[in-house]
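Input: a single structure, listed below in structure tokens.
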Protein chains: 2
Amino acid sequence: MADLDQYTDTEERIFRAALEVFSKKGKDGARMQEIADRADINKAMLHYYFRSKAKLYDEVLGFVMQRALSSFAAAMQETDTFEAMLRTFIAGYIDFVGEHQAVMRLMVNELLAGGDALRRKLAPRLTSEPAAMPQQFIRRMQAAIDRGEIRAADPFQTLITVVSSCIFFFIAFPMVRLINPEATAQREAFIEARKAHVFDLVYHGLAVKGKRKGR
Amino acid sequence: MADLDQYTDTEERIFRAALEVFSKKGKDGARMQEIADRADINKAMLHYYFRSKAKLYDEVLGFVMQRALSSFAAAMQETDTFEAMLRTFIAGYIDFVGEHQAVMRLMVNELLAGGDALRRKLAPRLTSEPAAMPQQFIRRMQAAIDRGEIRAADPFQTLITVVSSCIFFFIAFPMVRLINPEATAQREAFIEARKAHVFDLVYHGLAVKGKRKGR
DNA sequence: GTCTATATCTCGATAGAC
DNA sequence: GTCTATCGAGATATAGAC
């Protein structure tokens, strides 16, 4: 995690521990003692570095949202075709969520709680800017429709479907591995297969009907 | 909620209040006082009817899991074609989640916490029985592939994608309505559109290449 | 900066009158 | 069954020595 450089070593240890514990136990379930233990530090030091549990949580949440925004941006790299964009987007998204599950968990927790905090901080960066990920995805998909690369489907609904397919797998993992234990044993392979599947299904779902036959 | 008949009026009021509060605040974030207020009774009465917070939570969770299983079964009604099955499954699933969001939230909370409770209680009904929803979906999709109705795609991955597309929308709703306020104003219409979109995208994604598939 | 000891507070749970 | 008052555990937060 590169942009933790603003912190000293101790602060960073605390921060990582806090992210881990908050994401697993939730804001309320998390215990300052557990964070302290995991950071290998005295409990009193938590309050020395970050005044209170609430402030520590806010700090962690802010970091998490930064992370999420970066991943959005990274996943939307400029690519030639819509097909390439979609493939990159899905792979990038799944990679990010897979590697930063604590970040994802924290955000889902916030969403379940109403998402007020997320809305306050992310609103400006998700709506006003035309460069924001959702608008960009929608614009590029619409362009692909207009030039006949794909068939007409609602871009916003499609975005929801793609994001859901990338994220929810990790939330539901306890169920997934219950039904198919192989998903645990061959985790990496399963994730790669998931990337391929989501792209394949969505892209075929958007394919122009009977294109070869020039309907 | 029909099968709450086992409870007296007061018990049922408590139960509904508890489901609501637990689903919004999580097991740890929930406050017995808030449940009492919402049930319009004294806090001491909670302990009179349900001994402890833990027992109350367990009771609620058990009910929720019953509900989820029923919805699985209902969504897998016998239908002639895979196409009809898929359409019914998606519509049924979205309807259930939309109408029982508290149930869904509680289950997602459990999943984020590791899903141990869910696994203990749902495992037998999700794996051993061949009539269980996942196996049934996979079997029917495989049959459709075998007889050439749809192209070869991984049934398990497809199931994950479909379920994700139906559920995650409701979790991410705070974000959805931030990007597209219309989703709030025209909620019912948006949900109907979502059903149609998910079916449309997935079924076309599974369509045999080059084969004209009307609808 | 670090630690021990302790203050303070919140919340689940109970006692006991009615 | 219902309510008021209160206990006690457990968690956050601070004081103060080093």
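These numbers were taken from a predicted model, which means no experiment stands behind them. Residue numbers begin at 1 in each chain, while the letters A, B, ... track the order of the sequences.
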Range on DNA chain C touched by chain B, heavy atoms, distance below 4.0 Å:
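The protein-touched segment is C/dC11 to C/dT14.
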Is a salt bridge present between [X] and [Y], judged by a nitrogen-to-oxygen distance below 4.0 Å?
| X | Y | result |
| --- | --- | --- |
| A/Lys195 | A/Asp95 | yes |
| B/Lys55 | B/Glu59 | no |
| B/Arg16 | B/Glu12 | yes |

So, A/Thr161 versus B/His197: side-chain donor-acceptor pair below 3.5 Å or not?
yes
For A/His47 and D/dT14, is the shortest distance between a side-chain N/O and OP1 or OP2 below 4.0 Å?
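No, no such contact exists.
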So, does A/Arg51 get its side chain near the phosphate of D/dT12, meaning an N or O under 4.0 Å from OP1 or OP2?
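Checking D/dT12 against A/Arg51, no side-chain N or O comes under 4.0 Å of OP1 or OP2.
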Both conditions, 6.0 Å and 45 degrees, for the charged tip of B/Arg140 above the ring of B/Phe82: are they met here?
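That pair does not qualify as a cation-pi contact.
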Both conditions, 6.0 Å and 45 degrees, for the charged tip of B/Arg187 above the ring of B/Phe173: are they met here?
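The answer is yes, since B/Arg187 meets both limits relative to B/Phe173.
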Please produce a list of atom pairs where a protein N or O lies less than 3.5 Å from an N or O of nucleotides 4-9 of chain D.
from  : atom 1 : to      : atom 2 : distance (Å)
D/dT4 : OP2    : B/Asn42 : ND2    : 3.3

With B/Gln157 via side chain to side chain donor-acceptor pair (under 3.5 Å) - residues at least two apart
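Here the qualifying residues are A/Arg194.
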Might you work through the salt bridge (charged side-chain N to carboxylate O under 4.0 Å, His left out) test for A/Lys25 and A/Glu34, ending with a clear yes or no?
CA-CA 10 Å; A/Lys25 307 289 176 72; A/Glu34 186 177 350; 3.0 Å; yes
Mapping A/Tyr48 and A/Arg31 onto DNA chain D by nearest heavy atom, which one lands closer to the 5' end?
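On the 5' side of the pair lies A/Arg31.
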